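Fair warning: this is a prediction, and the values are worked out from it, not measured in the lab. All chains are named by letter (A, B, ...) in the order of the sequence lines, taking the proteins before the strands, and each is independently numbered beginning at 1.
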Protein chains: 2
Amino acid sequence: MTFGTAEYKERIRKTKKRMAEKGIDVLLITDPANMNYLSGYDGWSFYVHQMLIIFNDEDQPIWIGRTQDANGAKVTTWLYHENIIPYPEDYVQSDVKHPMDFVADILKQIGQDNRSIGVEMENYYFTAKCYQQLQKGLPNAKFHDATLLVNWVRIVKSDTEIEYMKRAALFVEKAMMAGIEMINEGVRECDVAAKILHTQVTGTAEYGGDYPAIMPLLPSGEKTSTPHLTWTDERYKQGDTVILELAGCYKRYHSPLARTLNIGKPSDKIKNLSDVVVEGLNACLDMIKPGIACEEIEETWRKTIQKSGIIKESRLGYAMGLNYPPDWGEHTASIRKGDKTILQPNMTFHLIPGIWLDQYGFEASEALRVTETGCETFAKLPRDLFIKDGALTKS
Amino acid sequence: MTFGTAEYKERIRKTKKRMAEKGIDVLLITDPANMNYLSGYDGWSFYVHQMLIIFNDEDQPIWIGRTQDANGAKVTTWLYHENIIPYPEDYVQSDVKHPMDFVADILKQIGQDNRSIGVEMENYYFTAKCYQQLQKGLPNAKFHDATLLVNWVRIVKSDTEIEYMKRAALFVEKAMMAGIEMINEGVRECDVAAKILHTQVTGTAEYGGDYPAIMPLLPSGEKTSTPHLTWTDERYKQGDTVILELAGCYKRYHSPLARTLNIGKPSDKIKNLSDVVVEGLNACLDMIKPGIACEEIEETWRKTIQKSGIIKESRLGYAMGLNYPPDWGEHTASIRKGDKTILQPNMTFHLIPGIWLDQYGFEASEALRVTETGCETFAKLPRDLFIKDGALTKS
């Protein structure tokens, strides 16, 4: 188990408090990060339906999943084995049986079918069909949207969680520099991605890396006009700008980081964009502290870069930490106009002021922790555009 | 673009034929593999809402996605740029605006809001909330469940797709052997995972690897009693059984493969389990050919291994090929009792008769193509339990 039972129990207590505030008796959790957060459950089994159920009047949750994954739940969670309930294999990807029918049957059997039930309506792993089957199977239940209920508990990290993110930052520093050292004219994008993945997962001599929730994002050349392309087997060309966005991951806790590199002398346009973004990023890092609202960070960014004429329409960052594919973001607080979330110590964000123009783009980001008096970045690498001059790298 | 425009158009034609059969005028596609299959769209952007819309009376689909991903759609698809419609950034992970409200508005603007609309009810990327918002926004539409409509078109591959899967098989052969060569007493699991990932993504000198839809699954020791654990930073011990389930991936096309290794002399129990599984697997490979039903393969397996007393409750395999996380399976045909899908040439399956008992397990699998007269496996590696005897590997 990744944390002690006491930490899991404290997380359950906080979750029940939020359930009580929202009038939810029974909470059906399908987000794998929320399942992991409350039970410790870890496995690449989220591609089939699985669930953790929290009852307001029971100490332990129930895990429901596929039969062949039940031993995985026994190995990775703090739950009593009798609270691990497998559904038969013929419910898997079937057009006649649905795992939510099984869940409904269990809730009926234990007399929980007429209660106020929370479901994560906006989660990758709670499909439209899941909700439809639950509504059919539990006609006496009253359903509530409990999207992000547990995510909002996750937003303030424990010291152990922070320690895990610091370990993840060691991995991402190494992986970022391995990528930057290797990228050069004539090198294949896939070979750089392979080197980065190897470094992310090897980790350090002391701690091994886990798979990040997002694969390395490595757009190059004109493809830097958009942030979410991965890699190809094409070769880098002289003059290419390359954006690297990656994370280290330790026991599912992430430290993401973005940097940008130019192969050969950068154009004035890209150099200028780099200067603008880094100045804005630095200004934000200088003002982040407990008590301010997320939207105030965006305001600082906007005012700092105003003179450049560059406008960033997308959000400037988001809360992050524990997660599974397809996203390392927590989907709670965003650093953008209108987000009034007040920063507290041990909240953690990915501050990523990327700019993607029509022909080129630039990203420099920091994963950070809000401290008692300000903030600290997890990784410690130079932020300016890296420049590849022959075999040498300079910033 | 990965395929010629003619291939994409043929796929659209087949999709429209199925739409007509089901009385669907407008098909909203949220499965990233289906989006890629019909448009070429590729990017790690599926963690926000995005969609491809097929109209029964229009030649080209419409792509709808986040503003910062629209350039990615221009780079990777065959669509006219005016068919790429970005939604504003403030729709991203917001609790006041939902991207499906934007989709509903577009459908209203172009007079498509009172039609028969197909949605993929059982897809990771079509949440319960998505459906709720569409129903609210399009009160005059008639919704149909179009889950797997495009997946069933995908099940028979073109020769180019088969060629891509053969390239992926070269990668998985190399990655599997790299893992098997490296695993030994005292080696960390994460270092083996790193080596495997590096090999998967480097690919060959001719072709580079893409990220597989599932990370390497590497349970060891007692954890082989369950199939979906990834890796830790613990060290392998003498006597450990290690299961490796991985895929090569080329341009999103997969060739998965599972093998099992024992560090040191295997117990009689694991050796016996290996013999049973490999005999059953071989018997299935001998009888697979066009015209038979998926359930007949399961019957052959069951009768072949009956004498051992071992019973496999989970399915024996599934259709696969093009995919994105979290699964490389196509969710169409399964090799199990009751599945009456008739095999056709160029259908591709992962035949994976894994057995997970309470203390240990064994997997050996093959990705295969149904040929005109039988079947051929994509990878060519020995199937028996690998045994690590000091530094040597034998089968």
Side-chain angles (χ1 to χ4, degrees), chain A residues 43-47 67-69 71-72 75 88-89 92-93 119 121-132 147 188-191 193-195 197-198 201-203 207-211 214-215 217 223 225-230 232-233 313-315 318 325-327 329 331 334 356 358, chain B residues 43-47 67-69 71-72 75 88-89 92-93 119 121-132 147 188-191 193-195 197-198 201-203 207-211 214-215 217 223 225-230 232-233 313-315 318 325-327 329 331 334 356 358:
Chain A
W44 193 291
S45 55
F46 39 86
Y47 74 93
T67 295
Q68 64 179 227
D69 294 319
N71 280 339
V75 169
E89 288 290 336
V92 172
Q93 298 172 0
V119 289
M121 294 291 288
E122 179 74 333
N123 187 270
Y124 311 111
Y125 302 101
F126 191 70
T127 65
K129 179 86 173 179
C130 284
Y131 189 44
Q132 202 171 59
T147 304
R188 294 192 306 177
E189 293 177 18
C190 59
D191 293 331
K195 177 74 181 170
L197 283 162
H198 187 272
V201 171
T202 296
Y207 305 111
D210 207 342
Y211 58 90
I214 303 179
M215 288 288 102
L217 302 173
K223 292 180 286 184
S225 65
T226 187
H228 295 122
L229 301 180
T230 48
T232 71
D233 51 14
E313 281 169 7
S314 52
R315 62 184 178 169
Y318 45 80
D327 195 7
H331 299 194
S334 285
W356 305 277
D358 261 355
Chain B
W44 194 291
S45 54
F46 40 86
Y47 73 93
T67 294
Q68 62 179 230
D69 294 320
N71 280 339
V75 169
E89 288 289 337
V92 172
Q93 297 172 1
V119 289
M121 293 292 286
E122 180 73 333
N123 187 270
Y124 311 110
Y125 302 101
F126 190 70
T127 65
K129 178 85 173 180
C130 284
Y131 189 44
Q132 200 172 61
T147 304
R188 293 192 307 176
E189 293 178 18
C190 59
D191 293 330
K195 176 74 180 171
L197 282 161
H198 187 271
V201 172
T202 295
Y207 305 111
D210 206 343
Y211 58 89
I214 302 179
M215 288 288 102
L217 302 173
K223 292 180 286 185
S225 65
T226 187
H228 294 122
L229 301 180
T230 47
T232 70
D233 51 14
E313 283 169 6
S314 51
R315 60 184 179 172
Y318 46 81
D327 195 7
H331 299 194
S334 285
W356 305 276
D358 261 356

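Note: B:G209 leads B:G203, B:G209, B:A193 in heavy-atom pairs under 4.5 Å with chain A. Ranked by non-hydrogen atom pairs under 4.5 Å with chain B, the options A:Y211, A:Y318, A:F126, A:Y131 are led by A:Y211. Counting heavy-atom pairs under 4.5 Å between each of A:D210, A:D233, A:V201 and chain B puts A:V201 at the top. In terms of heavy-atom pairs under 4.5 Å with chain B, the best-connected choice from A:P227, A:P325, A:G72, A:S45 is A:P227.
Proximity to chain A (any heavy atom under 4.5 Å) is shown, for B:Y207, by both the backbone and the side chain. Only the side chain of A:V75 has a heavy atom closer than 4.5 Å to any heavy atom of chain B. Residue A:I214 touches chain B through both its backbone and its side chain, counting heavy-atom pairs closer than 4.5 Å. For A:D69, the parts lying near chain B are the backbone and the side chain together; criterion is any non-hydrogen pair under 4.5 Å. For A:Q132, the part lying under 4.5 angstrom from a heavy atom of chain B is the side chain only. Of the two parts of A:W356, only the side chain, counted from C-beta on, holds a non-hydrogen atom closer than 4.5 Å to a non-hydrogen atom of chain B. Using a 4.5 Å cut-off between heavy atoms, A:T230 contacts chain B through its side chain alone, with no backbone atom that close.
Between A:R315 and B:E89 the shortest side-chain heavy-atom distance does not fall below 4.5 Å. You'll find the side chain of A:Y47 reaches within 4.5 Å of the side chain of B:H228, heavy atoms only.
Atom CG of residue A:D191 and atom NE2 of residue B:H198 lie 7.0 Å apart, to the nearest 0.5 angstrom.
B:T226 contributes a side-chain N or O that, together with a main-chain N or O of A:Q68, makes up a donor-acceptor pair within less than 3.5 Å. Remark: the backbone N or O of B:P326 is paired with a side-chain donor or acceptor of A:W44 at under 3.5 angstrom.
What you find for A:C190 and B:G208 is that their closest heavy atoms are SG-CA, 3.5 Å. Nearest heavy atoms, B:M121 versus A:T127: O-CB, 3.4 Å.
Listed by chain and number, the residues in a salt bridge (charged side-chain N to carboxylate O under 4.0 Å, His left out) with A:D327 amount to none (sequence neighbours excluded). Contacts of A:Y125 classified as ring pair (Phe, Tyr, Trp, His ring centres under 6.0 Å), with partners at least two apart in sequence or in another chain: A:F46, B:Y124.
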Problem - Derivation and outcome, side chain to side chain contact (heavy atoms under 4.5 Å, CB included), residues A:T202 and B:R188 - result: CA-CA 9 Å; A:T202 296; B:R188 293 192 307 176; 4.0 Å; yes
